[in-house]
Amino acid sequence: MNFEAFLQNLSNGISLGSLYALIAIGYTMVYGILRLINFAHGDLVMLGSYVAFYGVAMFMLPWWLAFPLAILVTAGVGIVIERSAYKPLRDFPRINLFTAAVAVSFLLENLGIVIFGGRPKAFERPAFMDQMLNLGGVSIVSYTPIIIITALVLFGLLLLVIYRTKAGMAMRALSKDIEATGLMGVNTDKIIMFAFMLGSALAAAGGILWAIKFPQINPLMGVMPGLKAFIAAVLGGIGNVGGAMIGGFLLGIVEIMIVAFFPELSGYRDAFAYAILILLLLFRPTGIMGEVQAEKV
Amino acid sequence: MRLSRNTILTLIALLVIAGLLALAQAFMNPYLLRILNLCAVYSIFAVTFNLIFGYTGQFSLGHAGFAAVGAYVAALLTLSPSQKISNFFLKPIVPLLANVELPFLPALIIGGIVASLVGSLIAWPALRLRGDYLAIATLGFSEIIRILLVNMQPITNGALGLKGIPAYTNLLWSWGALAVCLFVTKRLVDSSYGRAMRAVRDDEVAAEALGVNLFKHKMMAFAVSAFFVGVAGGLMANLISTIDPKVFIFTLTYQIVGITVMGGMGSLTGSVIAASLYTIFLELLRPIESQFTIGSLTVPGIPGMRMVIFSILLLVVILFYRKGLMGTREFSWDWVVNLIRRLKSGKKTGSSGEVKS
């Protein structure tokens, strides 16, 4: 492989990785606080891209209006899900919460089929995202840097929220101990809702960017990115926002590079993600950035 | 040997059920038969998940993978050599498997054993993990199995799947397998092993301190559970007669978890009831998805509506019957006898106008 092709693959890997990272953050925030693997998260990715699609294609909104609107709508749906399906089960065995997440996931997917139709739709990129750029001899399509830059900006904003605001501090406290945080005067319900809102908004942003990169959307499109992002979250150490970003980039780059270097293994592309996941779990169960927690007896 | 009342009642019930199933097999149409068979297959799935999670507390999401192994082994062993040739037209099948054709029973059992081996092989490293991490790892293994099935074309025919698998599965096979599965599981969970398993579930540290070998008991639950999942997979393959790797995607595992939770964690009766209700219910809703007419009005079918209703129902059960339909209760003859007695005495008091609680 020559250097140019390598750079092309690298940029491709980074943009895929930034999408995984965006989606992984939602998983990790919810897990960090509620210890819930929110399997419905991937379907919010689908929802976000569909709302954006309909905003542009049906309501003729310009993209700069349709995309933020889609993020808002998805964030709202995230809040509704948390309030109606997860909150009542918070004090019950975790399998109930998990099953609720599975049920919500099935519900979103099949509502998607009912409302949007099962046939894939062609997502139209805004024109300026479709130009060929020539960066120092490497030609890439303009959406690749746009995806990466958008993701980085969103990460920056998120880190600001988490580390520089009161709500972010409360979120970090919640992930240590929900009850004690409540006793310190934090409105835990509100903060959990806020975390869901942030996670869902990022999932929607990830979904729109995903549709820009792979412009075919269908009601089950969220399943694979969701699962991959979940793996990325575990790789980085589930419950750790910085870890989710690192895990996402790592997974995206490794996936693209393995296929680039060993094209004959492309059929096993998805298997690599799982193999890395399992190996990591066996040798460092808490992930790259996860904290080792002492066992309570 | 004197048989207790309960044993006699069980034997009578088994005979009656077997007779009814034989009648059903003879007179029901293939569509209804298929639904009844699927009830048994899903019941086995749910019962085995209950063994591994409800009784032993190990959150394993590997069911789809184990079922896939059992289904492919049974399918490859029962396919006739000529069918194999027409199936494997892209790449010829490996010579070792090309001419094998076994009767159903050995094929099922071999499928179960291979699934059990695979399950143990997965559990061996994965059981170092606990809780959610175990769930993630087993889910990963299950998906790896599926990807291997897609890619190992000379053995599995890849994404094309296998067609024309002989339809050996009938009610006696499927419900017979369920009966064996229930019997073995019940005996296991009531034995000293089962008590150890429940100790592991409730508190691993305490169980270990009391001398329970954690690894051994978890492994046992995995191996037994994977065996029956494999058998159920084989039954399924020989029932629907066409399988491909997509059938065994991880959402199958989610469905099994949903069914088991609906039935009640730790209730085998609940698993069977929930699995049967789930299968029958989804079939009853099938008309919604195809076009139908009311008078002069033509209502177009709504694809996906069945699963929407199912997922709402699942949510309702989880939100309002938090222990599932049965909780941890089981069907027992004592309960039936007591119920009959109560009904009798209730009638007596009812006739004299008194109501006793």
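Only heavy atoms go into these numbers, but all of them, side chains included; no hydrogens, no water, no symmetry mates. So that the names make sense, note that chain A is the first sequence line, chain B the second, and so on, each numbered from 1.
For OH of Y321(B), the number of neighbouring non-hydrogen atoms (other residues, nucleotides, ligands) closer than 6.0 Å is 12 at most. The environment of CZ in F262(A) is sparse: at most 12 heavy-atom neighbours from other residues, nucleotides or ligands sit within 6.0 Å. The local environment of CD in E179(A) is sparse, with at most 12 non-hydrogen atoms from other residues, nucleotides or ligands closer than 6.0 Å.
Interface residue R128(B): only side-chain heavy atoms are found under 4.5 Å from chain A. For L227(A), the part sitting under 4.5 Å from any heavy atom of chain B is the side chain, from C-beta outward, and nothing else. Contacts between L107(A) and chain B at a heavy-atom distance below 4.5 Å involve backbone atoms as well as side-chain atoms. Both the backbone and the side chain of Y268(A) come within contact range of chain B, each with at least one heavy atom under 4.5 Å from a heavy atom of that chain. Using a 4.5 Å cut-off between heavy atoms, R269(A) does not touch chain B at all. Neither the backbone nor the side chain of T260(B) comes within less than 4.5 Å of any heavy atom of chain A. Of the atoms belonging to F230(A), it is side-chain heavy atoms, and not backbone ones, that fall under 4.5 Å from chain B.
Note that OG1 of T251(B) and CD of E109(A) are 7.5 Å apart. Values are rounded to the nearest 0.5 Å. If you take CD1 on I37(A) and OH on Y133(B), they are separated by 9.0 Å, rounding to the nearest 0.5 Å. Between D132(B) atom CG and L281(A) atom CG the span is 11.0 Å, to the nearest 0.5 Å.
The two residues S84(A) and L319(B) come nearest to each other via the heavy atoms O-CD1, 3.7 Å. In terms of heavy atoms, V114(A) sits closest to M305(B) at CG2-N, 3.6 Å. Counting all heavy atoms, side chain and backbone alike, L315(B) lies closest to A85(A) at CD2-CB, 4.0 Å. Annotation for A103(A) and S311(B): closest pair O-CB, 3.3 Å, computed over non-hydrogen atoms. The minimum heavy-atom distance between L111(A) and V308(B), with the atom names listed, is N-CG2, 3.5 Å.
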Working for side chain to side chain contact (heavy atoms under 4.5 Å, CB included), residues I318(B) and L89(A): CA-CA 8 Å; I318(B) 295 164; L89(A) 293 171; 3.5 Å; yes
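Residues of residues 136-153 of chain B lying under 4.5 angstrom from chain A, judged on non-hydrogen atoms, are I136(B), A137(B), L139(B), G140(B), F141(B), E143(B), I144(B), R146(B), I147(B), L148(B), N151(B), M152(B) by number. For residues 264-274 of chain B, a heavy-atom distance under 4.5 Å to chain A picks out M265(B), given by residue number. The contact list for residues 47-64 of chain B toward chain A, using heavy atoms and a distance under 4.5 Å, reads F53(B), F59(B), L61(B) by residue number.
For the set Y254(B), F250(B), F310(B), the entry with the most heavy-atom pairs within less than 4.5 Å of chain A is Y254(B).
Residues satisfying the side-chain contact (heavy atoms from CB on, under 4.5 Å) criterion with I280(B), sequence neighbours excluded, are I35(B), C39(B), L284(B).
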